[in-house]
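These notes are about the structure you will find just below.
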There are 2 protein chains.
Amino acid sequence: MSEDHPSDPRSAHNLEVLRGCSLLSGLPDEALREAAAVARARPFHANEVLYARGEVQSALSVVGAGSVRISSTSSDGREIMLTLFEPGAWFGDTVFSPGMPRVFGATAHSDGELVEVPGQAYRDLLARYPQAYPRTLDMLSRRLWSAISIIEDNGLRDMPGRVGRRLLFLAQMHEHDGGADEANGPVTFKLTREHIANMMGMTRQGVHGVLKTLEGEGLIAFSYGRVTVPDREALRRYLEERPQK
Amino acid sequence: MSEDHPSDPRSAHNLEVLRGCSLLSGLPDEALREAAAVARARPFHANEVLYARGEVQSALSVVGAGSVRISSTSSDGREIMLTLFEPGAWFGDTVFSPGMPRVFGATAHSDGELVEVPGQAYRDLLARYPQAYPRTLDMLSRRLWSAISIIEDNGLRDMPGRVGRRLLFLAQMHEHDGGADEANGPVTFKLTREHIANMMGMTRQGVHGVLKTLEGEGLIAFSYGRVTVPDREALRRYLEERPQK
DNA sequence: GCCAGACTGTCAACGGTTTGACACTTATCG
DNA sequence: CGATAAGTGTCAAACCGTTGACAGTCTGGC
């Protein structure tokens, strides 16, 4: 909307965030600068609802700071959480299918900031820099791959297996997106038992039992509002030998 | 591989199949003709394994005739089925992420035929006809949407709810892909209790109970190796009032 | 630094699904 | 057309996660 000049500090900040987003890394830098000029920074506070399930308007959102919960609430109040996004991650896949309602909503998990590129502007940009399409398709297809893996886990694994897989998955995403810790260092998530329960479709109490089991194997640690995966590699190995239901 | 002439009858048949595929409908007809020339028809017999989970080689497969089960088998022999594809449907999403292993395999559900475009050829074609990209992204993003809906159902709904939703989903896909019956006519699937069990991560016996429940409500009918949804609209309404777990 | 509200651990009773087993029915194909 | 394999209905027992309830613990914000 605003005709920001490239040297506008606001635009410069947007650019930095967009550069860190894997979805956009197929675009040449000049295109990113254009995107940054039309992007809008949107600061948020913890627990603020960013998008509701069912909304039709579409934008490409890139997490600039903080973390965002992707979840949807059913009519009877139960909440189902899909994943947690950290800086560098993107969401708003409906930019690719204009007119489709969002299946899941987004809620601020901490204070932070989003950088948003309007849907039409993003699509126009892709059309003008078509060399970015293959990378874009690749990113989308990987996301589909992840979703399908989750479906597979739901069908094949018991509760400890599912919880372990999901934590492992989050840990890998954390590493990939931005949290470039040491190769296999410990990762901690600020997730309550209830958040985890909402990811797995189980109850707070059920999660408690599962976490205790995994803790007993030395695979995770947990405390008030926190879960830690000390050794991703060990967790991965454990889960490999345990596909049973 | 073979330098088929456009008027080659084999190529003409391929073309007809490719024209019926929604993923490819963004490509101009001349591009489809090129694709048909390099495509390979691959007839199959019921229960033949078309692709195994984990394979890396990629091609875009379009179902020309018959139906194909998308599923994966775990190390301990349990099978999990994702969906059933009918003529007009496409799979092999790894064409968009060359080098990624297939998460799920494909098995012939009946006799039929696949038309396959080699991955590299398909990607080249897109690059030469970039106007097809938006449609391609749209199709991929809709598939992601479907996968996420399944995850949502797994978390929010009880067994009757999940089974109902999946059957409804299959029925809608059937209508969309090619089976252009009347607007809301009955749809029958050749699925055994065990197939359904494998889709939902439950047991043959468990499915039996659920189907009986749904039959009691007049929402489905079933017999040896078959399940029928007589009225999609009624099933949809029933499920809407029943999101509970 | 303190306190309200959020989060947690634990328990017994309940319920839906699985397990395992067996007899029965229906298709397929030689 | 008949035999063999694949699919089905049903049952009791065991299992695992849920429900509901309550007391205890942590923590962030004023």
- Task: Would you sort out whether A:Thr73 and A:Arg53 count as a side-chain contact (heavy atoms from CB on, under 4.5 Å), showing the intermediate values?
- Result: CA-CA 8 Å; A:Thr73 309; A:Arg53 180 199 152 96; over 6 Å; no
- Query: A:Ile196 and A:Phe189: side-chain contact (heavy atoms from CB on, under 4.5 Å), yes or no, with the steps?
  - Reply: CA-CA 11 Å; A:Ile196 298 176; A:Phe189 299 101; over 6 Å; no
- Stepwise side-chain contact (heavy atoms from CB on, under 4.5 Å) test for B:Arg193 and B:Leu211: CA-CA 9 Å; B:Arg193 301 307 112 87; B:Leu211 289 184; 3.6 Å; yes
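Of all nucleotides in DNA chain C having an atom under 4.0 Å from a heavy atom of chain B, the first and last in 5' to 3' order are C:dT17 to C:dA27. The outermost nucleotides of DNA chain D lying under 4.0 Å from heavy atoms of chain B, listed 5' to 3', are D:dA6 to D:dT10.
The environment of CD in A:Gln57 is crowded: more than 12 heavy-atom neighbours from other residues, nucleotides or ligands sit within 6.0 Å.
Mapping B:His195 and B:Gln205 onto DNA chain D via the closest heavy atom, the residue that lands nearer the 5' end is B:His195. Map A:Tyr224 and B:Pro160 each onto its nearest nucleotide of DNA chain C; the residue landing nearer the 5' end is A:Tyr224.
Using cut-offs of 30° and 60° for the angle between ring planes, the B:Phe222 and B:His208 rings count as perpendicular.
In this structure, B:Lys190 reaches neither bases nor backbone, as no heavy-atom distance under 4.0 Å exists between it and the strands shown.
The closest donor-acceptor contact from the side chain of A:Glu241 to the backbone of A:Tyr238 lies at 3.5 Å or more, if one exists at all.
A cation-pi arrangement is present between B:Arg102 and B:Tyr51 under the rule of less than 6.0 angstrom and at most 45 degrees off the ring axis.
Checked options A:Met202, A:Lys212, A:Met199; the residue passing with A:Val207 is A:Met202 (criterion: side chain to side chain contact (heavy atoms under 4.5 Å, CB included)).
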